[in-house]
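Written out below as structure tokens is the structure these notes cover.
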Amino acid sequence: MAERLVRELRTPYLIDDRQVVITVSIGIASARDKAESASDIVRHADLAMYMAKANGKAGFAIFDPGMHAIIRERHEIAAQLLNAVDLGQLRVMYQPIVSLATGVAEGVEALVRWNHPTRGLITPGDFIEIAEENGAILPIGRWVLAEACRQAREWGTGPGAPFLCVNVSAREIQQPDFVESVERTLTEVGFEARRLSLEITETALLRATPATIRTLESLRELGVRIVIDDFGTGYFSLSHLRQFPVDVLKIASEFVQVGSEDEKSVAVTSAIVALSESLRIVTVAEGIENAEQAEKMRALGCTYGQGYFYSRPLPSDDVQTATTRPATKVVALRGRKARGVRAIPVAPRRVGASVEAQSA
Ligand code: C2E
Ligand code: CA
């Protein structure tokens, strides 16, 4: 029943021509022994609901006494995140974004990592959402942008230098001074706005207010490109694309990783690519893990690809080494899946040119 409620309520509503999506998270608890009071059970259901939200929202969870410990741990992480920047515990890795036509890496996406003193290296999937909840994402986001721009400046300058994509959360974009803060960072670091793209998820964009749209427009006026991340996972209708100031669209890995026999998914992807092309929006296929997926996305007309097939996220020094080599040399790929993978030449040419030409 919970599954049905979640599914039914997630269906988009059309109100005054605006698509509205509501999701619910359900917590379920039942009396375990007679000693439990009604308020105990309600508290347990509340905790279970919190867990359902923590597990990505729009779902349900059934109370379990072990949840107390998990929630305590989340509170602990939340408190520590507030100091992570000041304590110098964050670092940025960079995953190459490759031209599907030439196999050349023309840009990178910055991905933050948390080097926790006792838990070790924590990936963003385990802390970004908590940081968004308690506001720690604001100092973290500012730090990531400045650090990534500083490092990217070191990889080279001019038209051949790689473009840089940085993820931003809805909460950051909603800050009234977000545009000024980006502009200040670019000036302080001495990084060209045209080399910077900011990625905002489709789900966040769905909740965009007119003020958010104005923010995106102002960023574009600075020369920064706007990327819709994880496209296809929300309920963003294709016809809405026209109304948003968007330069690049990243097709979610769910669509990239399906086999060619899944005709419906291929048809949807093909429609996304075709419409993007007609709107002069550049497409990037996310999560490419093998040659077949790369070829499928290339054949569909997608411009760029990103994924473990090409490279895992690299430390800045490796991007630098790779980008200063001539095009005939190759990057040494790191990580588990690197063996047996086709090495890609990394010589970021025409990056700016190709993205610019299509978004002009
Ligand atoms: P995302 O923006 O969708 O980033 C891509 C994620 O997919 C990265 O995970 C990347 O390592 C992973 N990935 C890349 N290629 C493949 C592949 O071939 N197969 C699979 N299975 N995965 C692949 P990561 O680094 O753990 O980041 C997770 C998410 O955290 C990102 O998802 C992004 O939404 C968020 N994030 C990362 N850095 C930041 C940041 O600085 N600020 C904000 N607001 N969010 C960030
Ligand atoms: Ca991203």
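If you read the sequence from its start, that first residue is 1, and numbering goes on from there. For ligands, and for the atoms within them, numbers begin at 1 and follow the listed sequence.
- Each of the following atoms of ligand 1 lies closer than 4.0 Å to a heavy atom of Pro313: 11 (O).
- Per residue Asp229, closest N, O or S atom to the Ca ion (ligand 2): atom name OD2.
- Using modelled atom types, one finds no donor on one side chain facing an acceptor on the other under 3.5 Å when comparing Trp114 with Thr123.
- For atom 13 (N) of ligand 1, the protein comes within 4.0 Å by at least one heavy atom.
- Between Val112 and ligand 1, a contact under 3.5 Å exists for at least one N or O pair.
- Considering only non-hydrogen protein atoms, atom 2 (O) of ligand 1 sits nearest to Asp229 OD2, 2.9 Å.
- If you check the side chains of Ser99 and Thr102, you find a donor sitting under 3.5 Å from an acceptor.
- Aromatic rings of Phe163 and Tyr304 (six-membered ring for Trp) have centroids within the 6.0 Å cut-off, being under it.
- One finds no salt bridge joining Lys250 and Asp230 here, because no Lys/Arg side-chain nitrogen approaches an Asp/Glu carboxylate oxygen to under 4.0 Å.
- For atom 27 (O) of ligand 1, the nearest protein heavy atom (residue, atom name, distance) is Pro124 CG, 3.2 Å.
- For atom 15 (N) of ligand 1, the closest non-hydrogen atom of the protein is Gln95 NE2, 3.0 Å.
- For atom 37 (C) of ligand 1, the nearest protein heavy atom lies under 4.0 Å away.
- Of the residues listed (Arg194, Arg225, Arg220), the one engaging Asp247 in a salt bridge (Lys or Arg N to Asp or Glu O under 4.0 Å) is Arg220, and it is the only one.
- At the shortest separation from atom 43 (C) of ligand 1 among protein heavy atoms lies Asn167 CB, 3.7 Å.
- Taking distance alone, with nitrogen or oxygen atoms compared against 3.5 Å, Glu109 approaches ligand 1 more closely than that limit.
- Residue-to-ligand polar distances keep Glu132 apart from ligand 1: every N/O pair is separated by 3.5 Å or more.
- Looking only at atom types and distance, the side chain of Glu109 has a donor-acceptor partner in the side chain of Gln306 under 3.5 Å away.
- Salt-bridge annotation for Glu36 and Arg43: absent, with no side-chain N of the basic residue lying under 4.0 Å from a carboxylate O of the acidic one.
- Ligand 1 is never approached by Arg312 to a heavy-atom distance shorter than 4.0 Å.
- Because the distance cut-off is set at 3.0 Å, Glu199 qualifies as a neighbour of the Ca ion (ligand 2) through one of its N, O or S atoms.
- Two residues are said to be in side-chain contact when any heavy atoms from C-beta on lie closer than 4.5 Å; Cys302 and Ile251 meet this criterion.
- Nearest protein heavy-atom contact of atom 21 (N) of ligand 1 is Glu289 OE2, 3.1 Å.
- At least one N or O atom of Ser169 sits closer than 3.5 Å to an N or O atom of ligand 1.
- By the 4.0 Å N-to-carboxylate-O rule, Arg150 lies close enough to Glu147 to be salt-bridged with it.
- There is no protein heavy atom closer than 4.0 angstrom to atom 9 (O) of ligand 1.
- Under a cut-off of 6.0 angstrom, the local environment of CZ in Arg10 is crowded, with over 12 non-hydrogen atoms contributed by other residues, nucleotides or ligands.
- The distance from the CD atom of Gln174 to the CG atom of Leu138 is 10.0 Å, given to the nearest 0.5 Å.
- Going from atom CZ of Phe255 over to atom CG of Asp262 covers 9.5 Å, rounded to the nearest 0.5 Å.
- Nearest non-hydrogen protein atom to atom 5 (C) of ligand 1 is Glu286 OE2, 4.1 Å.
- Vertex the Ca ion (ligand 2), arms ending at OD1 of Asn167 and OE2 of Glu109: the angle is 80° after rounding to 10 degrees.
- Contacts of Leu111 with ligand 1, taken as heavy-atom pairs under 4.0 Å, involve both backbone and side chain.
- Salt bridge absent: Lys53 and Glu129 never bring a charged side-chain N and a carboxylate O closer than 4.0 Å.
- Close to ligand 1: Gly287, with a non-hydrogen atom less than 4.0 angstrom away.
- Residue contacts with ligand 1 for Asp230 involve side-chain atoms from C-beta outward but no N, CA, C or O (heavy atoms, distance under 4.0 Å).
- Looking at Val258, Ile288, Asn290 one by one, the single match for side chain to side chain contact (heavy atoms under 4.5 Å, CB included) with Lys296 turns out to be Val258.
- Considering both main-chain and side-chain atoms, Tyr308 comes within under 3.5 Å of ligand 1 through a nitrogen or oxygen pair.
- The closest approach between Lys250 and ligand 1 stays at or above 4.0 Å for every heavy atom of the residue.
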